[in-house]
*Asks:* 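Right, I'll just put the structure down here and ask away after.
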Amino acid sequence: MKKYDITRIIALPAALLLFAGCYQDIDLDKYKGENGENLLSLNSVVNPDSTLAAVATKTFFYSDPVQSRQYVRDLEISYKINGDITGILTFNPETNMYESSLIPSEGDVLELTTEYRGQHIDCRDTIPNKVKIESVDVSRQGPMSIYSEEDYLVTYQITFSDPVAEDNFYFLSYGEYDIFEGGNLHFGVRDYTYEYVFQQLARQINSIVPGWEPYSYTGLPFSDYGIDGQTHTLIVKEIIQGDQLNLPAFSKMKRRFKLFSISRAYYNYLLSRLYSNSAGDSSLHGGMIDLGFTEPLKSFSNINGGVGIFASYSLDETDIDVIGILGPFTK
């Protein structure tokens, strides 16, 4: 159990009023005042393994010469759980976070309320129930030609059951663990392109950011669109580049799979970050933003009266050793 985990709190970039026109040099000073400086940025991601905590910061503009995080330390943030007034978050100067001793449970409805410069601010989210990973099956092909002539393609099949007649949202990540243990094989290229739910994600993102493909080092979100109420097996792959490793010498290939059940707000936020991050690269959409022909994309916010994200998740995870299951690599 964690006291709190700041790494779980996703800081929404506190930038407002992103306008695009025919020129890149835009004077935003007239938009600061009441519509900018008086807005609070409030961020919190809640889960059943940590105490409730939040971060409050002042907003800034991309045009500001200094864009550092400025914490707001004098708020009175009250919280409710399932409609009952429960208490006040206490500011901790060591962590710059507002904290409580409350450890929420799956299914709890949480609300935060505060005032900032005369503006009422509130947010609300429901912690989703954990969806368990029922099994992870693994197979291996190679050596074969992918990036080199000695590559292996490892396929993982992760099975879970989606609750019936609900809108459910998830985040899948998979990667190595115990990487400092002797003989453990470091992670290869993560490939989500074979899986139906990530193909649906790509179609959604491609409607705004053409050319995006579901590859990620950290994981990807997905919804239960098309698999509602079904027992579904996620198919994802890993490419191991054999020309860079002495594969027969490895005795372990430990992999950890994490299935996050995330709230709708968390899904919308992660989706908006995928839009923005993809548009910021060398894609067609990113180039159009640079030329001033299309609007930059904004991050999702569910903070009424302010900006930021109040979201939640529950986590299930499981570990396997690929070499322990399939045996050692061979030339």
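Heads up: numbering here begins at 1 and tracks the sequence.
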*Asks:* Quick one: CD1 on Ile309 to CZ on Arg273, what's the gap to the nearest 0.5 Å?
*Replies:* 11.0 Å
*Asks:* Determine the interplanar angle of the Tyr266 and Tyr313 rings, folded into 0 to 90°, and report it as parallel if under 30°, tilted if 30 to 60°, perpendicular if over 60°.
*Replies:* tilted
*Asks:* Excluding sequence neighbours, so at least two apart, what forms salt bridge (Lys or Arg N to Asp or Glu O under 4.0 Å) with Asp243?
*Replies:* none
*Asks:* Does atom CD of Glu106 have more than 12 heavy-atom neighbours, drawn from other residues, nucleotides or ligands, at distances under 6.0 Å?
*Replies:* yes
*Asks:* Can Phe222 and Leu234 be said to form a side-chain contact (heavy atoms from CB on, under 4.5 Å), step by step?
*Replies:* CA-CA 11 Å; Phe222 65 96; Leu234 300 165; 4.0 Å; yes
*Asks:* With heavy-atom distances below 4.5 Å as the criterion, would you say the side chains of Ser173 and Phe260 are in contact?
*Replies:* yes
*Asks:* Any side-chain heavy atom of Leu52 within less than 4.5 Å of one from Ser44?
*Replies:* yes
*Asks:* Taking the side chain as everything from C-beta on, heavy atoms only, tell me whether Ile320 gets closer than 4.5 Å to Ile325.
*Replies:* yes
*Asks:* Using salt bridge (Lys or Arg N to Asp or Glu O under 4.0 Å) as the criterion, list what pairs up with Arg124, not counting sequence neighbours.
*Replies:* Glu111
*Asks:* Any side-chain donor paired with an acceptor under 3.5 Å for Lys80 and Thr86?
*Replies:* no
*Asks:* Rounded to the nearest 0.5 Å, how far does CD1 of Ile262 lie from CG of Asn47?
*Replies:* 13.0 Å
*Asks:* Which value, rounded to the nearest 0.5 Å, describes the distance between Gln70 atom CD and Asn96 atom CG?
*Replies:* 12.0 Å
*Asks:* Do Leu153 and Ile323 share a hydrophobic cluster, counting only Ile, Leu, Val, Met, Phe, Trp and Tyr and linking them when any side-chain heavy atoms are less than 4.5 Å apart?
*Replies:* no
*Asks:* If I compare all heavy atoms of Asn302 with all of Cys123, which pair ends up nearest, and what's the gap?
*Replies:* O-CB, 3.7 Å
*Asks:* Considering only residues two or more places apart or on different chains, which pairs with a residue in residues 145-166 satisfy salt bridge (charged side-chain N to carboxylate O under 4.0 Å, His left out)?
*Replies:* Glu150-Lys331
*Asks:* Under a 3.5 Å distance rule, please check whether Asn82 uses its side chain to pair with a backbone N or O of Val109 as donor and acceptor.
*Replies:* yes
*Asks:* Does Ile303 belong to the same Ile/Leu/Val/Met/Phe/Trp/Tyr cluster as Leu75, with side-chain heavy atoms less than 4.5 Å apart forming each link?
*Replies:* yes
*Asks:* Would you say that more than 12 heavy atoms from the other residues, nucleotides or ligands in this model lie under 6.0 Å from the CD1 of Ile85, or not?
*Replies:* no
*Asks:* Going by salt bridge (charged side-chain N to carboxylate O under 4.0 Å, His left out), name the pairs with one or both residues in residues 125-137, residues two or more places apart or in two chains.
*Replies:* none
*Asks:* Can you spot which of Val138, Leu259, Val236, Thr318 makes a side-chain contact (heavy atoms from CB on, under 4.5 Å) with Ile158?
*Replies:* Val236
*Asks:* Pairs in or reaching into residues 206-235: which pass salt bridge (charged side-chain N to carboxylate O under 4.0 Å, His left out), with residues at least two apart or in two chains?
*Replies:* none
*Asks:* Rounded to the nearest 0.5 Å, what separates atom OG1 in Thr90 from atom CD in Glu99?
*Replies:* 8.0 Å
*Asks:* Is there a side-chain contact (heavy atoms from CB on, under 4.5 Å) between His232 and Val197? Walk through the geometry before answering.
*Replies:* CA-CA 10 Å; His232 183 74; Val197 298; 4.2 Å; yes
*Asks:* Do Val209 and Ile205 make a side-chain contact, defined as non-hydrogen atoms from C-beta onward lying under 4.5 Å apart?
*Replies:* yes
*Asks:* With sequence neighbours excluded, what pairs up with Leu245 under the side chain to side chain contact (heavy atoms under 4.5 Å, CB included) test?
*Replies:* Leu185, Ile240, Leu247, Phe250
*Asks:* At what distance, to the nearest 0.5 angstrom, does OG of Ser223 lie from CG of Asp167?
*Replies:* 8.5 Å
*Asks:* Report the residues that fulfil ring pair (Phe, Tyr, Trp, His ring centres under 6.0 Å) with Tyr156, sequence neighbours left out, ordered by chain and then residue number.
*Replies:* Tyr174, Phe257
*Asks:* Checking Tyr98 now: which residues fulfil ring pair (Phe, Tyr, Trp, His ring centres under 6.0 Å) with it, not counting sequence neighbours?
*Replies:* Phe91
*Asks:* Is the shortest side-chain heavy-atom distance between Val131 and Asn168 below 4.5 Å?
*Replies:* no
*Asks:* Do you know the tightest heavy-atom contact between Leu39 and Gly306?
*Replies:* CD2-CA, 3.9 Å
*Asks:* Has Asp321 got a side-chain atom pairing as donor or acceptor with Met253's backbone, closer than 3.5 angstrom?
*Replies:* yes
*Asks:* Please answer whether the main-chain N or O of Ile235 pairs with a side-chain N or O of Gln157 as donor and acceptor at a distance below 3.5 Å.
*Replies:* no
*Asks:* Do Glu115 and His120 come close enough that some side-chain heavy atom pair is under 4.5 Å?
*Replies:* yes
*Asks:* Return each pair, listed once, that meets salt bridge (charged side-chain N to carboxylate O under 4.0 Å, His left out) where at least one residue sits in residues 186-211; pairs must be two or more places apart or across chains.
*Replies:* none
*Asks:* Who are the salt bridge (Lys or Arg N to Asp or Glu O under 4.0 Å) partners of Arg140, not counting sequence neighbours?
*Replies:* none
*Asks:* Are Leu220 and Val189 in one and the same hydrophobic cluster, where Ile, Leu, Val, Met, Phe, Trp and Tyr link if side-chain heavy atoms are under 4.5 Å apart?
*Replies:* no
*Asks:* Hey, mind stepping through Thr113 and Ile77 against side-chain contact (heavy atoms from CB on, under 4.5 Å) and telling me if it holds?
*Replies:* CA-CA 6 Å; Thr113 305; Ile77 303 177; over 6 Å; no
*Asks:* Ring pair (Phe, Tyr, Trp, His ring centres under 6.0 Å) with Phe169: which residues, sequence neighbours excluded?
*Replies:* Tyr267
*Asks:* To the nearest 0.5 Å, tell me how far Leu201 CG sits from Tyr196 OH.
*Replies:* 12.0 Å
*Asks:* Is Phe198 linked to Tyr194 within one hydrophobic cluster, defined over Ile, Leu, Val, Met, Phe, Trp and Tyr using a side-chain heavy-atom separation of less than 4.5 Å?
*Replies:* no
*Asks:* Any side-chain heavy-atom pair from Ile81 and Leu102 closer than 4.5 angstrom?
*Replies:* yes
*Asks:* Just checking, is any N or O donor in the side chain of Ser161 or Thr231 under 3.5 Å from an acceptor N or O on the other one?
*Replies:* yes
*Asks:* Check whether any side-chain N or O of Thr159 sits under 3.5 Å from a backbone N or O of Thr233 as a donor-acceptor pair, and report yes or no.
*Replies:* no
*Asks:* Could you walk me through whether Phe310 and Val46 satisfy the side-chain contact (heavy atoms from CB on, under 4.5 Å) test, starting with their C-alpha distance in whole Å, then the side-chain angles of each, then the deciding distance to 0.1 Å, before giving a yes or no?
*Replies:* CA-CA 8 Å; Phe310 184 51; Val46 186; 3.6 Å; yes
*Asks:* Does Tyr170 reach the side chain of Ser261, with side-chain heavy atoms less than 4.5 Å apart?
*Replies:* yes
*Asks:* Can you list every ring pair (Phe, Tyr, Trp, His ring centres under 6.0 Å) pair that touches residues 126-152, not counting sequence neighbours?
*Replies:* Tyr152-Phe329
*Asks:* If only atom types and distance count, is the side chain of Ser312 paired as donor or acceptor with the main-chain N or O of Thr126 below 3.5 Å?
*Replies:* yes
*Asks:* Give the minimum heavy-atom separation between Pro104 and Ile127, together with the two atoms involved.
*Replies:* CB-CD1, 3.4 Å
*Asks:* Run Tyr215 and Tyr192 through ring pair (Phe, Tyr, Trp, His ring centres under 6.0 Å) and show every step you take.
*Replies:* CA-CA 6 Å; Tyr215 289 88; Tyr192 297 79; 8.2 Å; no
*Asks:* Quick test of your reading of the model: are Arg255 and Asp319 salt-bridged, counting only N-O distances below 4.0 Å?
*Replies:* no
*Asks:* Indicate if Ile208 and Leu274 have the same hydrophobic cluster label, given that clusters are the connected sets of ILVMFWY residues with side-chain heavy-atom separations under 4.5 angstrom.
*Replies:* yes
